[in-house]
Every structure is written in structure tokens, then in C-alpha cells.
Amino acid sequence: TGSITVNDLADRMATPQTEIIKSLFFKGIATNVNQTLDLPTAKMVAEEFGIEVETTEEESEARKVTEMLDEADLENLHQRPPVVTIMGHVDHGKTSLLDYIRQAKVAQGEAGGITQHIGAYHVDLEQESGSRQIVFLDTPGHEAFTAMRARGARVTDIAILVVAADDGVRPQTIEAISHAKAAGVPIVVAINKIDKETAQPDRVKQELMEHNLVPEEWGGDTIMVPVSAITGESVDTLLEMLLLVSEVEDLHANPDRLARGTVIEAHLDKARGPVATLLVQNGTLNVGDAIVAGAVFGKVRAMIDDRGDRVESTLPSFAVEVLGLNDVPPAGEEFEVYADEKEARAAADARAVEQRQSRLQQAMASRRVTLNSLS
Ligand code: GTP
Ligand code: MG
């Protein structure tokens, strides 16, 4: 299925047509640039030139996992906002940057209300093309990545890597880069603290190049924005860059289905019972929905958004606090909405049995080891 002309292939590979034709000619496959190649052949040619190829089928397979999409969702995809986390070395200004963004953007739309702390918040940005949103997760980036790595899904679409311009690349900077790369999450670099006299943004860029992050202005493909989390200088540019990357990433979800997503945080509240912050990654979550998160289940009794307002429904990429679960689910657990409560309860019960069995098996295994080591 699928084919490509030699001409198009050369374009995509950014390789001269003559080079490609030469290779194909000697193999007896093609003699001119308008000939079409089937995908396996095109792939073989590209790999010969040292270029990794992902066909759109492979791409959409991969997306189905990372974005929690089913086959049916592919027919009804709508753009969704990016979910962004902030990473970087200690004291490089992660919290300050989030605070600045939150004050400047969230406070604006709040009319004096108190911002609820739910571990995630969104900002509204007015663009020429209309209003756009960005959702920030308050969890440390590496946790957001590792929580779901096991299942291949992920909660973050873009990582902001904060590097202090007066300190440069440090151990946790490098760790953050490898976390983001392992998760396949694009990195936007915020070179922070440029208000300081001792700031050396170009030195930071040079150091980042040693870790294969090459700034756009030096011919690479990593966006790096010098900012100050204190004065707010260029923070707007950073936010615009996030929207740009989000467009390139082509983030979509199907809002017209039962919700799926991830537990960001959960705790037991004395007055309200189990309270969970859920990130909706696909579908729309509604009050009254029957929900399962591992062995935990319940009916969504109430939802509170990041502005502290009660809401009836939550769209993909947004986080909400949910009341009505029968227990506290672990952070990182996936949740799913079922068509009715009975089904949800059955699914959660089955999961509870599974979990008990695997705990038992683990206990048995460790006992066997002990016995072996005795004999
Ligand atoms: P950890 O959470 O401990 O890893 O630190 P962090 O990365 O969240 O850094 P934080 O925002 O707490 O900032 C550390 C210190 O740097 C604070 O004293 C901030 O006031 C200061 N700081 C952060 N951003 C800037 C900036 O742009 N300019 C200046 N001059 N100082 C900054
Ligand atoms: Mg901090």
C-alpha cells in the first residue's frame, strides 16, 4: 500500500535526485525520476543513504499508543492544546517561570478569584488565528515521563528545558535531556535569568550543542528562547514557540467519545473523600460518567477545573479535579470511562483480583529465593 515518486523521495530525503537514480539504476529498479517506488523500496533506498523512515502507517500506529487513540478516533480528530512540563537543574528557575506564566496569564482571566492548586493549569493566548490554550503540568517533568513509560503512553507533548544563563548545563540538565529524548518528547529550551549581568546565553547554546541540541539560528532544529522569569522578558515569545511546536506535532484527539487519560495526582480529603486530578487525553469527561482507574472506580460526582470553578465537562488536554471515586488511585494510573456503572465496577474488580494475584506471586517468588538461599 502506498507509493512515492523518485522525485518526491529525493525531496523528502533532501538528497540530489541523481544520487538516488544512480543507486536505483544499478539495482535495475528505476531509470527516471518520475517512476514510482513502492514503500518498502523507498524505505530501503532511504536507509541506504542513512535516513530513518517511518511510514504514515507506522506513524499512526505509534500515535495511537502515545495519544490513546483507537482506530475509530482517526476518523474524527480535532486539534487539542499541548500539554507542557518544565524540566531543568535545581535553582535554574522552573518554579519562577511557571509562576510568572501563571500570574501573567491565569490571573488575567480570573477576575480576582483564587486559583485552585490542582497540579495543572492552562493559559489562554490570543493569537491572530483565534484563542489558543496551553496546559502546563505542575509535576516535575521526569515524573510525568516515567509514570507512564511502561505502557508507552505519555502525558507530556512538549518539554521546556530551563537552563540558567549564569550557570549553564548541569547534571540535571543532561538528565532532563535524556528523559525527554527517551520519551520522544520535543524540547524547547528556555535560557533563563538573562536579566543577570553574569548571563552568557551563547555559552549555554554551545554547551547544549555538546548534547545534540543545536539552536535554530545555528542551523539546528531546537528552539531556544532567552528569557527572564523575574522581569518576564520574552516569556511571550516562549509561549508562542510552544504553540508553534504544538502545530508541528499535530496534536489531536477525538472529543466525541468516552474519556481516557491519566491520574496526575490523588489524595484523600477529609471532607470530600478521594480527590483525583485527571488529565483527559482523549474523549470528553462528563459529570455522571462511570470511571475506572486500575482497581479504583466510581461515578464522577463533581469536577473542578484549574480556576476553581465547577464544570460539567472536560475536553482533551485539560486537567480537572474529580470527586466520586471509591478510593485513591495511584498517580500515573490510566483511567477510562465505561458506558455504565455496572461495567465499570466489574472492570475495577477484575483489576483488583489481578493486582492481588501478582502481589501474591511476587511474595511467593521472594519466598522461593529465601528457601533457595537457605538450602
Ligand atoms: P528547584 O525547584 O529547587 O529545582 O528550583 P527551580 O528551578 O524551581 O528554581 P526557582 O524558580 O526556585 O529559582 C531559584 C532562584 O533563582 C530563586 O531565587 C529565583 O528568584 C531565582 N530566579 C529564577 N529565575 C530568575 C531570573 O530569570 N532572573 C533572576 N535574576 N533570578 C531568577
Ligand atoms: Mg522549583
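Note that ligands are numbered from 1 as they come in the structure, with each ligand's atoms numbered from 1 the same way. Remember, it's a predicted structure, so these values are computed and weren't measured experimentally.
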For atom CG of Asp221, decide whether the heavy atoms of other residues, nucleotides or ligands shown that lie under 6.0 angstrom number more than 12.
no

Before signing off on this row, confirm whether Lys196 and ligand 1 have an N or O atom pair separated by under 3.5 Å.
no

Does Thr95 bring an N, O or S atom to within less than 2.8 Å of the Mg ion (ligand 2)?
yes

Protein heavy-atom partner closest to atom 23 (C) of ligand 1 - residue, atom, separation in Å
Ser96 OG, 3.4 Å

Answer yes when Arg260 and Asp73 have at least one side-chain N-carboxylate O distance shorter than 4.0 Å, and no when they do not.
no

Looking only at heavy atoms, what is the nearest atom pair of Thr198 and Asp166, with distance?
OG1-CB, 3.5 Å

Residue, atom and distance of the protein heavy atom nearest atom 5 (O) of ligand 1 read Asp91 N, 3.0 Å

Nearest-neighbour protein heavy atom for atom 20 (O) of ligand 1, which is reported as residue plus atom name and distance
Ile230 CD1, 3.9 Å

Regarding Lys193 and Asp167, does a basic nitrogen lie under 4.0 Å from an acidic carboxylate oxygen?
no

Starting from atom 24 (N) of ligand 1, what is the nearest protein heavy atom, named by residue and atom, and what distance separates them?
Asn192 ND2, 3.1 Å

Which residue owns the protein heavy atom closest to atom 4 (O) of ligand 1, what's the atom, and how far is it?
Lys94 NZ, 2.8 Å

Which residue supplies the protein heavy atom nearest to atom 16 (O) of ligand 1, what is that atom called, and how far is it?
Lys193 NZ, 3.0 Å

Closest heavy-atom pair, Leu325 versus Ala276, reported as atoms and distance to 0.1 Å, is CD1-CB, 3.8 Å

Answer yes or no for atom 30 (N) of ligand 1: protein heavy atom present at a distance under 4.0 Å?
yes

I'd like to know if Arg203 pairs up with Glu207 as an ion pair, taking the criterion as any Lys NZ or Arg NE/NH1/NH2 lying under 4.0 Å from an Asp or Glu carboxylate oxygen.
yes

How does His92 reach ligand 1, if at all, at less than 4.0 Å between non-hydrogen atoms: by side chain, backbone, both, or neither?
backbone

What residue and heavy atom of the protein are closest to atom 28 (N) of ligand 1, and at what distance?
Asp195 OD1, 2.7 Å

For Ala229, counting its heavy atoms only, list the atoms of ligand 1 lying under 4.0 Å from any of them.
24 (N), 26 (C), 27 (O)

Report, in ascending order of atom number, the atoms of ligand 1 lying under 4.0 Å from any heavy atom of Thr95.
2 (O), 6 (P), 8 (O), 11 (O)

Does a sphere of radius 6.0 Å around CZ in Arg257 hold more than 12 heavy atoms from other residues, nucleotides or ligands, not counting ones at 6.0 Å or beyond?
yes

Exactly one candidate in Ile191, Val169, Leu208 meets side chain to side chain contact (heavy atoms under 4.5 Å, CB included) with Leu161; the answer is Leu208

Could you tell me the residue and atom name of the protein heavy atom closest to atom 9 (O) of ligand 1, and the distance to it rounded to 0.1 Å?
Gly93 N, 3.1 Å

Might you point out which heavy atoms bring Ile158 and Val188 nearest each other, and give the distance in Å?
CG2-CG2, 4.0 Å

